[in-house]
Amino acid sequence: MSDASFRVDETPSSGEAGFSDYFALLKPRVMSLVVFTAFAGFYAAQSEMHPIEGLAVILFIAVGAGASGALNMWWDSDIDSVMKRTRNRPIPTGRITADAALAFGIALAGFAVAMLALASNLQAAALLAFTVFFYVVIYTMWLKRRTPQNIVVGGAAGAFPPMIGWMAATGSVSIESAFMFCLIFMWTPPHFWALALFARSDYEAAGVPMLTVTHGRRAARAHILVYTLLLAALAAGAAMAGIGGPAYVCVAIVMNVLFLRGAWSIWRRGEQTAESDGFKIEKSFFTLSLAYLFAHFGAIVVDTAIEPYVAGMW
């Protein structure tokens, strides 16, 4: 593992950082998914919390997610400078120093945890603190550079937000929040392995042992199919666990058929064919995976909203 102090020396600032640079440290695209799933968990719990308090809860969860992103970029600044898709991030380009990113991330994490405790309860704040720790220490510092199972275990970090939202609303966990956690946890590997199929050279150059690097693309394709089958079964089970109403069932049927078809197409692909068309199917599957998660959690929100009107019919 690279020494953190060495990476600090490698990232001298080339100028004064602006707001957009610090905002980029928060990984806003990842944050949007965290915010939405956390909101779904919070809303599905049907808390009687005042809307302003609820907005504060989601805001502080988002800040915690942003803190995780900043700390991830601090630690990974050496490999970010090697990978094509990350080399323009604020630290590799020198717009922000690694020291500044570290301080920024720690400050945001402390603020988010403390404020969530005040806005909701200590249980939710503790789970948020554990989520930041899990993402930064367990995944980023430990698993990511050591094992091809990095994203399998590390995916738990991204699966906690709806459970945090539920706990903020109720002070406890439930079978519904557990299913939401499992849905994201099982979705994460095929989502990232699809990315790793067409970004293998990046991971190989950076020395990150993604499955496509250690076992090859053929193995990754098989793993995507297996995990997608398990995900489809889990999504169906969630519909029977109390979180699924008519909207969720419709979404689950359509999206899982599309996802299974995509995984099957990926599994059947030959490497020469994939390379010749620029991994078109793999990239489409990656995009579909984002829509898959947003659609499922959006359906949970819709079902919660319409529940009083369909309770007698469903």
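Between L234 and F185, the closest side-chain pair of non-hydrogen atoms is not below 4.5 Å. N150 places a side-chain heavy atom less than 4.5 Å from the side chain of Y139. Counting heavy atoms from C-beta outward, L102 and L71 have side chains that approach closer than 4.5 Å. Residues L211 and P189 fail the side-chain proximity criterion, which asks for heavy atoms closer than 4.5 Å. Residues I266 and L225 have side chains not in contact (no heavy-atom distance under 4.5 Å, counting atoms from C-beta outward).
Shortest non-hydrogen contact noted between V208 and V213 is O-CG2, 3.9 Å. Contact detail for A67 and L26: the closest heavy-atom pair is N-CD2, 4.5 Å. Looking at every heavy atom in both residues, G64 comes nearest to V132 through O-CG2, 3.8 Å. Heavy-atom minimum distance, R87 versus T93: O-CG2, 3.5 Å. Between D78 and V82, the shortest heavy-atom contact is O-CG2, 3.6 Å. Residues E282 and L197 approach most closely at CG-CD1, 3.6 Å, considering heavy atoms.
The closest donor-acceptor contact from the side chain of T37 to the backbone of V34 lies under 3.5 Å. In this structure, D80 contributes its side chain and T86 its backbone to no donor-acceptor pair below 3.5 Å. Side chain of N121 to backbone of M167: a donor-acceptor contact under 3.5 angstrom is found. Here the side chain of T140 pairs a donor or acceptor atom with the backbone of Y135 at under 3.5 angstrom. Side-chain atoms of D76 never come within 3.5 Å of backbone atoms of I79 as a donor-acceptor pair (strictly under, hydrogens ignored). The backbone N or O of M83 sits nowhere less than 3.5 Å from a side-chain atom of D202 that would complete a donor-acceptor pair. Judged by distance alone, with hydrogens and angles left aside, the side-chain atoms of H191 form no donor-acceptor pair with the main-chain N or O of W187 at under 3.5 Å. Put simply, the side chain of T273 never gets that close to the backbone of R269: no donor and acceptor are under 3.5 Å apart.
Atom CD1 of I61 sits about 7.5 Å away from atom OG of S120, to the nearest 0.5 Å. L195 contributes atom CG, which lies 10.5 Å from atom OG1 of T287 (distance to the nearest 0.5 angstrom). Atom CZ of R89 is separated from atom CG of D21 by 13.5 Å, given to the nearest 0.5 angstrom. We find the CG-CD1 distance between L127 and I164 to be 4.5 Å, quoted to the nearest 0.5 Å. Atom-to-atom distance recorded for Q123:CD and L116:CG is 10.5 Å, nearest 0.5 angstrom. Distance CG/N88 to OG/S81: 11.5 Å, rounded to 0.5 Å.
In this model, no donor atom of one side chain and acceptor atom of the other lie less than 3.5 Å apart for T147 and Q149.
Every residue two or more places apart in sequence or in another chain was checked for a side-chain hydrogen bond (donor to acceptor under 3.5 Å, both in side chains) with Y248, and none qualifies.
Taken together through direct or relayed side-chain contacts under 4.5 Å among Ile, Leu, Val, Met, Phe, Trp and Tyr, W264 and F279 form parts of separate hydrophobic clusters. Cluster annotation: Y43 and W166 are assigned to the same hydrophobic cluster (Ile/Leu/Val/Met/Phe/Trp/Tyr, side-chain heavy-atom contacts under 4.5 Å, transitive). Hydrophobic clustering of Ile, Leu, Val, Met, Phe, Trp and Tyr side chains at less than 4.5 Å, counting indirect connections, keeps V257 apart from M186. Under a hydrophobic clustering in which Ile, Leu, Val, Met, Phe, Trp and Tyr are joined whenever their side-chain heavy atoms come within less than 4.5 Å, directly or via other members, L55 and F39 fall into different clusters. One hydrophobic cluster holds both L25 and F19 under the rule that ILVMFWY side chains link at heavy-atom gaps under 4.5 Å.
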side-chain contact (heavy atoms from CB on, under 4.5 Å) assessment of F133 paired with I138: CA-CA 7 Å; F133 170 82; I138 304 300; 4.0 Å; yes

Stepwise side-chain contact (heavy atoms from CB on, under 4.5 Å) test for T228 and F285: CA-CA 11 Å; T228 302; F285 183 85; 4.0 Å; yes

Audit row: L288, M255, side-chain contact (heavy atoms from CB on, under 4.5 Å) steps and yes/no: CA-CA 9 Å; L288 175 64; M255 294 305 297; 3.7 Å; yes

Derivation of the side-chain contact (heavy atoms from CB on, under 4.5 Å) call for W75 and K144: CA-CA 11 Å; W75 185 262; K144 186 173 183 177; over 6 Å; no

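Ion pairing between E271 and R221 holds under the 4.0 Å rule for side-chain N and carboxylate O.
Within 6.0 Å of atom CZ in R261, 12 or fewer heavy atoms from other residues, nucleotides or ligands are found, so the atom counts as exposed in its surroundings.
Ring centers of F181 and F160: under 6.0 Å apart, within the cut-off. Between Y227 and W193, the distance separating the two ring centers is shorter than 6.0 angstrom. In this structure, the ring of F36 has its center no less than 6.0 angstrom from the ring center of F297.
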